[in-house]
Each structure stands twice: as structure tokens, then as C-alpha cells.
Amino acid sequence: DLTLHPPKLPWSHKGPIDSFDHASIRRGYQVYKQVCAACHSLKYIPYRHFVDVFMTEDEAKEEAAEIIVRDGPNDIGEMFDRPGKLTDYLPMPFPNSAAAAYANNGAVPPDLSLMVLARHGGEDYLYHLLNGYCDPPEGVELGEGQHFNPYFPGGAIGMAPPLYTDIIEYEDGTPATQSQLAKDVITFLSWTAMPEHDERKKFGMKAMLVLIPFTALCYYKKRQYWSLLK
Ligand code: HEM
């Protein structure tokens, strides 16, 4: 078996009280939109979720308005095209999986909304997948449109290396090295899979703030209550 296990990386949102790096989420969306969206959908993510996470409401509205949505029927029973709204979901690159397979030598690019949770190794796996392409070892035959990646189970993947240094230019001026692009797009995909992440950890902290003193109080009261019998 040629498959490698991805080593652990120090993601800035991994600790029990760490929030996402929201500037990284914003850059990661730019990577997704300008690179991955050519083949991969994010069909569970609506534009309204961007608001106050990595865009202002006005920015998210402008972003949504860039897509064309088939809507209807209207009052006279006709279908029509309109610009996207906050309540719309991100557009699909292909109308169905047959079209997606046809465009990719038979391999279907999976939806990325929950990908960080769907694969063993999560963020670490995705990072090494995106940065781990290399020449196949001797004796490994690749099919049409396949590439060798030691982190992909079996090694032969139907996705060409999608990222390389300066494939896009970041709007915030961050140097777009291959590893930076990968880290940002995975942080973005971590957010799409766990949009509740920051709230969850904030609530966990509040819960601890109550539970720790309460436990201490219980212990003190128990000792006090039974002290006469000792
Ligand atoms: C598969 C991520 C860009 C085509 C995958 C998988 C991930 C992924 C996580 C699943 C691997 C697995 O099953 O474990 C990304 C990211 C991209 C990107 C983050 C942008 C940075 C692209 C592009 C294309 C593409 C631009 C098309 C030109 C595919 C295909 C597969 C795939 C065909 C299925 C491969 C197979 O099952 O053999 N991608 N991808 N991807 N991707 Fe991408």
C-alpha cells in the first residue's frame, strides 16, 4: 500500500479556546472561487452565511449578485434569470454528475461543503493532498487523466494539482505561495463544514466559567456537611 498518513499540522483554530482566523477564511474563499469552483460545488453554503464572518452584508450581496439564478415561475407562469441574492446557494460548476464525470475523465469532483469532516485526517489530509503531488514510484501505472498523490488512497487521483504559487493574486496582498493558498482554502473549508465552530468554543468557555466554580463549591459544601462525622 503506497498511501501515506498525513502528519498533524498546527492549525490556528485547533485549540479548545481558539477561533478561526477570519482573514484566512476570506482569502480561502477567494481561492475556492477562483480555482476550486471550476470543478467543485459548495451546494450547502448560502451567501447569507458570509455576512459578519468574512464579509459585510453589502459585500456578500454584491458577491451573490455576480451569479445568475434560474427562478420562477412568475405571475404569468414563465421561468426567468435573475441576479443572485443573499438567500441563494453557491452555484454548481456542472448541471449533474454525468456532466461532471464527462469533463473530468470519468472522475466526479465531490462537493466540498463537508469535506473537512468527510475524510479521515480532516484539514491535515487536505493540506497534504493539495501539496503532496509527486512523480509515481517505479512500476505504478496511471490511467488517462490520473495523477500520483501518495496521500490519496491508492495513489492515483483524477484531480490534477490544482494549486501552485501565484495562481491567483490575493486582494489583501498576502504572498500567494502554494502552501499559503492551501492553508487558506482549507481554513475556509473548515468553516463551511463547521460554521458554528467559534460560537461553540465561546459557549464552551462560558460553560467552564460556571462549571468550575460550581464544582469547587460542591466539593467545599460536601466537606463542610460531613465534617462532623470525621
Ligand atoms: C477530488 C479538493 C480543485 C477536480 C478532490 C478532493 C478534494 C479536492 C478534497 C477529494 C479527495 C478524496 O476523495 O479524498 C480540491 C480543492 C481545489 C480543487 C481544495 C482547489 C484548490 C479542483 C479542480 C478540478 C478538480 C480545479 C478540475 C479541474 C477533482 C476531481 C476529483 C477531485 C475530478 C475526484 C478525483 C478522484 O476521485 O480520483 N478535490 N480540488 N479539483 N477534484 Fe479537486
Side-chain angles (χ1 to χ4, degrees), residues 6-15 17-67 84-86 88-93 109-119 121-133 149 151 159-202:
K8 276 209 183 336
L9 295 164
W11 297 93
S12 63
H13 60 271
K14 278 286 147 155
I17 60 169
D18 289 322
S19 74
F20 277 131
D21 173 348
H22 287 238
S24 182
I25 298 180
R26 186 175 169 113
R27 286 192 299 273
Y29 171 65
Q30 207 192 328
V31 180
Y32 166 74
K33 182 186 172 187
Q34 292 179 241
V35 182
C36 327
C39 303
H40 292 275
S41 57
L42 275 180
K43 64 180 175 187
Y44 299 111
I45 311 301
Y47 287 97
R48 64 190 161 82
H49 282 184
F50 295 4
V51 178
D52 294 345
V53 174
F54 62 94
M55 281 189 181
T56 63
E57 187 171 332
D58 286 342
E59 283 174 325
K61 277 182 181 161
E62 267 177 48
E63 194 63 28
E66 283 182 17
I67 67 165
K85 305 188 279 202
L86 281 184
D88 288 313
Y89 286 73
L90 269 60
M92 305 279 282
D111 184 83
L112 296 181
S113 312
L114 297 167
M115 189 51 82
V116 165
L117 299 174
R119 291 292 182 276
E123 290 97 332
D124 299 329
Y125 166 67
L126 293 195
Y127 183 89
H128 288 95
L129 184 78
L130 294 176
N131 289 298
Y133 285 87
N149 191 312
Y151 294 97
M159 170 170 72
L163 293 178
Y164 52 85
T165 298
D166 292 333
I167 187 173
I168 66 165
E169 199 178 316
Y170 277 130
E171 58 177 21
D172 71 359
T174 302
T177 59
Q178 182 173 309
S179 55
Q180 179 78 45
L181 293 159
K183 176 230 159 196
D184 290 336
V185 78
I186 294 159
T187 301
F188 169 68
L189 293 175
S190 231
W191 170 76
T192 64
M194 301 177 283
E196 82 300 342
H197 172 279
D198 287 2
E199 280 303 313
R200 168 159 53 81
K201 285 185 179 169
K202 213 197 260 171

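Model, not experiment: these values are computed from the prediction.
For Phe50, the ring-ring contact (aromatic ring centres under 6.0 Å, His included) partners are Tyr29, Tyr47, Phe54, not counting sequence neighbours. For Tyr133, the ring-ring contact (aromatic ring centres under 6.0 Å, His included) criterion is met by no residue, not counting sequence neighbours. Remark: His197 engages His13, Phe20 in a ring-ring contact (aromatic ring centres under 6.0 Å, His included) (not counting sequence neighbours). Taking Glu66 as the reference, Lys33 meet the salt bridge (charged side-chain N to carboxylate O under 4.0 Å, His left out) condition, with sequence neighbours excluded. The salt bridge (charged side-chain N to carboxylate O under 4.0 Å, His left out) test applied to Asp172 returns Arg27, not counting sequence neighbours. Residues satisfying the side chain to side chain contact (heavy atoms under 4.5 Å, CB included) test with Pro46, not counting sequence neighbours, are Arg48, His49, Tyr89.
Donor-acceptor pairing under 3.5 Å is recorded for the side chains of Asp198 and His22.
Taken to the nearest 0.5 Å, the CZ atom of Arg26 stands 11.5 Å off from the OG1 atom of Thr174. Distance CE/Met115 to SG/Cys36: 11.0 Å, rounded to 0.5 Å. Distance check, rounded to the nearest 0.5 Å: CG of Leu163 to CG of Leu130 gives 5.5 Å.
Between Asp111 and Ser41, the shortest heavy-atom distance links the atoms OD1-OG, 2.6 Å. Minimum heavy-atom separation, Ala176 to Ile168: CB-O, 3.4 Å. Pairing each heavy atom of Glu169 with each of Gln30, the nearest pair is O-NE2, 2.9 Å. Taking both residues in full, the closest heavy atoms of Ser24 and Asp184 are given as OG-OD1, 2.6 Å, listed atom of the first, atom of the second, then distance.
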Practice task
Decide side-chain hydrogen bond (donor to acceptor under 3.5 Å, both in side chains) for Asp21 and Trp11; before the verdict, give the C-alpha distance in whole Å, the side-chain angles of both, and the deciding distance to 0.1 Å.
Solution key: CA-CA 9 Å; Asp21 173 348; Trp11 297 93; over 6 Å; no

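Residues Pro109 and Met159 form no side-chain contact, since every pair of their non-hydrogen atoms from C-beta on lies 4.5 Å or further apart. Val35 places none of its side-chain heavy atoms less than 4.5 Å from the side chain of Leu181.
With Gln178 as reference, Asn131 is the one residue of Asn131, Thr165, Asp166 to meet the side chain to side chain donor-acceptor pair (under 3.5 Å) rule.
A salt bridge is absent between Glu123 and Lys183: the closest approach of a Lys/Arg side-chain nitrogen to an acidic carboxylate oxygen does not fall below 4.0 angstrom. Glu196 and Lys201 are not joined by a salt bridge, as no carboxylate oxygen comes within less than 4.0 angstrom of a charged side-chain nitrogen.
Counted within 6.0 Å of OH on Tyr44, heavy atoms from surrounding residues, nucleotides or ligands total 12 or fewer; the atom is thus considered open.
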